[in-house]
Amino acid sequence: MVTVLVADDDAVSRRILSHIISRMGHSVVSAQNGREALERLEDSSPDLLILDLAMPEVDGLTALKLARSDERYRTLPIIMLTASGLDRDARAARAEGVNEFLTKPFRSQELVDMLERLLA
Amino acid sequence: MRLMTAGEIQVDLAAEVRRLEAELDQMTSELIGVQDQLLAVFDLARAARRRLSLDAVLINLVAEVQRLAGAELAFIVLADPRTGGLVCHPPVAEDLRVFFEAVHRWTTTSAAPLVANAPTDLPGDFNALAPLHSIVAVPATVDGQSHAVVGVVNRHAGDFSAGTVKLLEALSEQAGGIVETSLRHEQALVRERLEREMELAAGMQAGLMAQPLPRMPGIELVGRYRPAAEVGGDFYDARVRKDGQLSFAVADVSGKGLPAAMLMGISRMVLRAAGLLTRRAARVLDQSNIYLYEDLTEVGNFVTAFAGLYQPRTRMLAYANAGHSPAIYRPRGGPARLLEATCLPLGVVPDLLPGDDSVPLGPEDLLVVGTDGFTEATGVDEQLFGYERFIHLVDDRAHLPAAILADELFAAIDRFNTGRPQDDDQTLMIIKGVGE
């Protein structure tokens, strides 16, 4: 079974993401910030990581950098959630090796299509 | 009353948590659905702002509606603004198209949604189709009227609900706005193209009329043309023939605007050719009528024309008048008189049988040929300029050189008009005998 790690400090957003991913038949592991996401990476070995850009403690961009610096997660598909879709966020995250961006609010079908593409 | 054991409380709490979790799941699912719907409406509005083509927007719309409503098929039927016929998106089999058009008629007439979760729910005047078991359709308002219908057919699971109706109403509201925007955009493009074509036509006509008139010893020859709209149906033309005679014509095509301008181009060529090739003024008109009669009757127009041949050797001017405004002839010393029509306009009867006549055009003799836009110009109290004023004016200013006289006549018309918009094309040709 595919496991997706969802890291977002917003409970509603986490709930929505988890619900859509579960409907696809995948397993979901949640984290509330970047630090927790890095811990969950270690203990749940997900097949895909969804990181919100703006999170307390360790933000999404830092978590992305740290994950990519680890040999084990260099090719892990990572989706970055952004609220603004600003170019500078996208540029920074792209430079750190993010695979896809998803701007909130998103349509459920967008996420489904993205997951199917990255997990194919 | 027996108290619950710790184990029972645990079981009870677990059941409550499961129930709450299920409720939360249900609420999350509905939240996702609502968010999807809101974003679909937002995307449709954005598509309209980006001015995608109407077809592209409609394809996008039906795809969204189908997905969001969980239906087997979504459709939109609207009246094509160009043809007035109904258009169905996506294209469907003939029997389904006929059914959707009936749905369009029903919803746009009743201005109410059609909801049927079984064929038996359909209003009595519908012939239910076998593969169709449920439908929701709502009218979309375009320019304040119900012109389109957005609908879904056969829900994948369960019945269509009030939520489906609300969703379709929200999307059809957007769709109506999008259709309006797209139609206005398309209409603006068509208008822009027509304006451009009209400008080109006006430029072309002005170019034709700006060709210099021939110079000939013994006469001053002047032509003036002022269309009421961008283009018009009046014209004048003059050419020197190989035998040394001056052939000229002033004509007025019935109607206005582009149709009259198109016929003007044809008539000008025909009258010029006839003027160059025939020996008598009457024959110019007769020959032109033979060439033009069928085309003019086909489109229901006619052409009034004054044709003349001036022989410089004898200083005589032969003329024929096919239903045209009477020309004003003023011999040296006056008084001015009218040269009336000698036959019907071109394009009215197949055999014109025109008569012709001739007048001397020696020094100080004057011929003024105008179109009815001149004599029928209106002033205060809807009064016509008329021939009496025209003749009087010509008599009064006959001493002036032809070019100045033409300017004076136009100025007099403008004063008479008192700034009112010009109703009709105004054309003038003046030939004045000069020398001893």
Side-chain angles (χ1 to χ4, degrees), chain A residues 1-32 48 50-55 79-87 89-90 100-119, chain B residues 17-50 52 56-57 59-74 90 152 155-158 161 163-164 166-168 170-171 174-175 178:
Chain A
M1 182 187 256
V2 168
T3 300
V4 178
L5 171 56
V6 173
D8 195 324
D9 59 319
D10 181 69
V12 176
S13 183
R14 262 199 328 271
R15 182 92 207 170
I16 289 174
L17 285 162
S18 302
H19 194 86
I20 297 167
I21 298 164
S22 300
R23 270 196 320 210
M24 292 175 74
H26 303 325
S27 166
V28 182
V29 177
S30 302
Q32 295 185 34
L48 189 143
I50 299 177
L51 275 173
D52 185 33
L53 185 71
M55 288 187 291
I79 297 171
M80 183 68 79
L81 287 174
T82 65
S84 64
L86 288 176
D87 282 350
D89 297 338
E100 297 272 8
F101 292 94
L102 192 58
T103 306
K104 294 185 203 174
F106 54 85
R107 288 205 239 178
S108 55
Q109 194 59 41
E110 278 181 85
L111 177 62
V112 170
D113 292 344
M114 205 173 270
L115 290 177
E116 283 178 350
R117 205 163 48 241
L118 291 172
L119 294 170
Chain B
V17 167
R18 277 197 301 279
R19 190 183 63 77
L20 288 172
E21 187 65 32
E23 275 185 12
L24 194 55
D25 265 353
Q26 178 63 28
M27 285 163 66
T28 307
S29 184
E30 284 178 16
L31 180 64
I32 291 168
V34 169
Q35 182 169 292
D36 281 354
Q37 291 175 10
L38 278 173
L39 288 168
V41 173
F42 173 76
D43 284 350
L44 283 171
R46 194 166 53 180
R49 278 204 308 277
R50 286 177 185 169
L52 294 177
V57 169
I59 288 167
N60 186 22
L61 173 74
V62 291
E64 282 301 328
V65 171
Q66 181 188 346
R67 197 177 62 75
L68 292 172
E72 275 180 20
L73 180 69
V152 283
R155 192 152 199 270
H156 286 306
S161 63
T164 312
K166 279 276 171 225
L167 167 67
L168 255 63
L171 290 173
Q174 282 295 321
I178 291 166

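In the text below, chain A, chain B and the rest are named by the order of the sequence lines, each starting its count at 1. Since we're looking at a predicted model, the values are computed, not measured. Note that these values count all heavy atoms, side chains included, but never hydrogens, waters or copies made by symmetry.
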Roughly how far, to the nearest 0.5 Å, is the CZ atom of Arg107(A) from the CG atom of Leu68(B)? 7.0 Å
Taking side chain as everything from C-beta outward and backbone as N, CA, C, O, which of these in Leu24(B) sits under 4.5 Å from a heavy atom of chain A? Side chain, backbone, both or neither. both
Arg15(A) and its side chain to side chain contact (heavy atoms under 4.5 Å, CB included) partner, picked from Asp25(B), Leu31(B), Ile32(B): Asp25(B)
